[in-house]
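Let me begin by presenting the structure, written as structure tokens, before commenting on it.
Indexing begins at 1, ligand by ligand and atom by atom, following the structure's order. The model shown is predicted, which means the values in this text are computed figures rather than measured ones. Just so you know, residue 1 is the first one in the sequence shown, and it goes up from there.
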Amino acid sequence: MQSLQQEAPLHMPPIAVGELGIVRVVDCIEHFNPRIILRDVGYEHLEPHLDWLRPNFLDEQHKLLMPIQSFVFRTRHHTVLIDTCVGNDKRSGFRQWNQRSSAFLDSLRAAGFPPKSIDFVFCTHLHVDHAGWNTRLVDGRWVPTFPNARYLFRREEYTHWEAHPEEVFRWTFDESIHPVLEAGQVDWVGADFQVDDQLTLEPTPGHTPGHTSVHLASAGQEAVITGDLIVHPVEVAEPQWGQVSDYDHALAVATRTRFLDAYTDRDVLILGSHFADPTGVRIVDTPRGRRVRW
Ligand SMILES: [Zn+2]
């Protein structure tokens, strides 16, 4: 495995959704052998899709090109950060994410969002690469990275991983979840939570029990931030492929299939949490099956 750690801050120009400008801030860009991410899927299974996956979503060796990125934007009254990537100094089962150091906070500042400006943080789920920048290490203690933010947690997601015996999940909770709770910055939210009627939640369970996508609406335009519901664009064409880290494979496939049925050929921007540039795509039906367009 190879990790391309950017030396300079990395954020992208805003993607417009009505009056919202969605900025993606990149923590790192991964090049994954498909077998690491997709269950029982090797390079040979990607062959029928090379023509549309390259060059945006596969690298020259046909590895999955997957940024670990946040989405940040201002609604009418609030500044919101969706997913907090890997973080610095954390322990992780992925060697390249272990005890790492990235320019993520510089990128966030350069994009116009200093940590103190964030009002709400929401993680689509509580895996290591979506919750890492919840906290940072200061004088040997984990403290919330965003001092003025309310961190929005789904109870079913928290409860499942809180009780999980595996060491890698314990690390994430000890370093990135519990310190936020101890600081009193957590609000428990149900599926009906919304921010300014421009941000609503759309539960998409399967990858994890409380996995939740984020629906945005502004000035007649819509978008959905999909977390790991669709971890790579190839799953638009092959929704039945499972992910190695799925909690419930059958439920994940059913939820992804239902989501694709609902959003194909609709004017709704799909913002994939690990989709490489252009990141925001539409799902369309073609004679060869479902594809992404931009
Ligand atoms: Zn992920």
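Atoms CZ and CG, on F71 and L216 in that order, are 9.5 Å from each other to the nearest 0.5 Å.
Residue contact annotation: H130 places an N/O/S atom under 2.8 Å from the Zn ion (ligand 1). Among the atoms of D129, an N, O or S atom falls under 2.8 Å from the Zn ion (ligand 1). Here H125 fails the criterion, with no N, O or S atom under 2.8 Å of the Zn ion (ligand 1).
Here D196 does not pair with R76 in a salt bridge; the nearest charged N to carboxylate O distance is not below 4.0 Å. Using a 4.0 Å cut-off between charged side-chain N and carboxylate O, D261 and R258 make no salt bridge.
No close placement of the W133 and F113 rings is indicated, their centers lying 6.0 Å or farther apart.
For D228, the N, O or S atom with the smallest separation from the Zn ion (ligand 1) is OD2.
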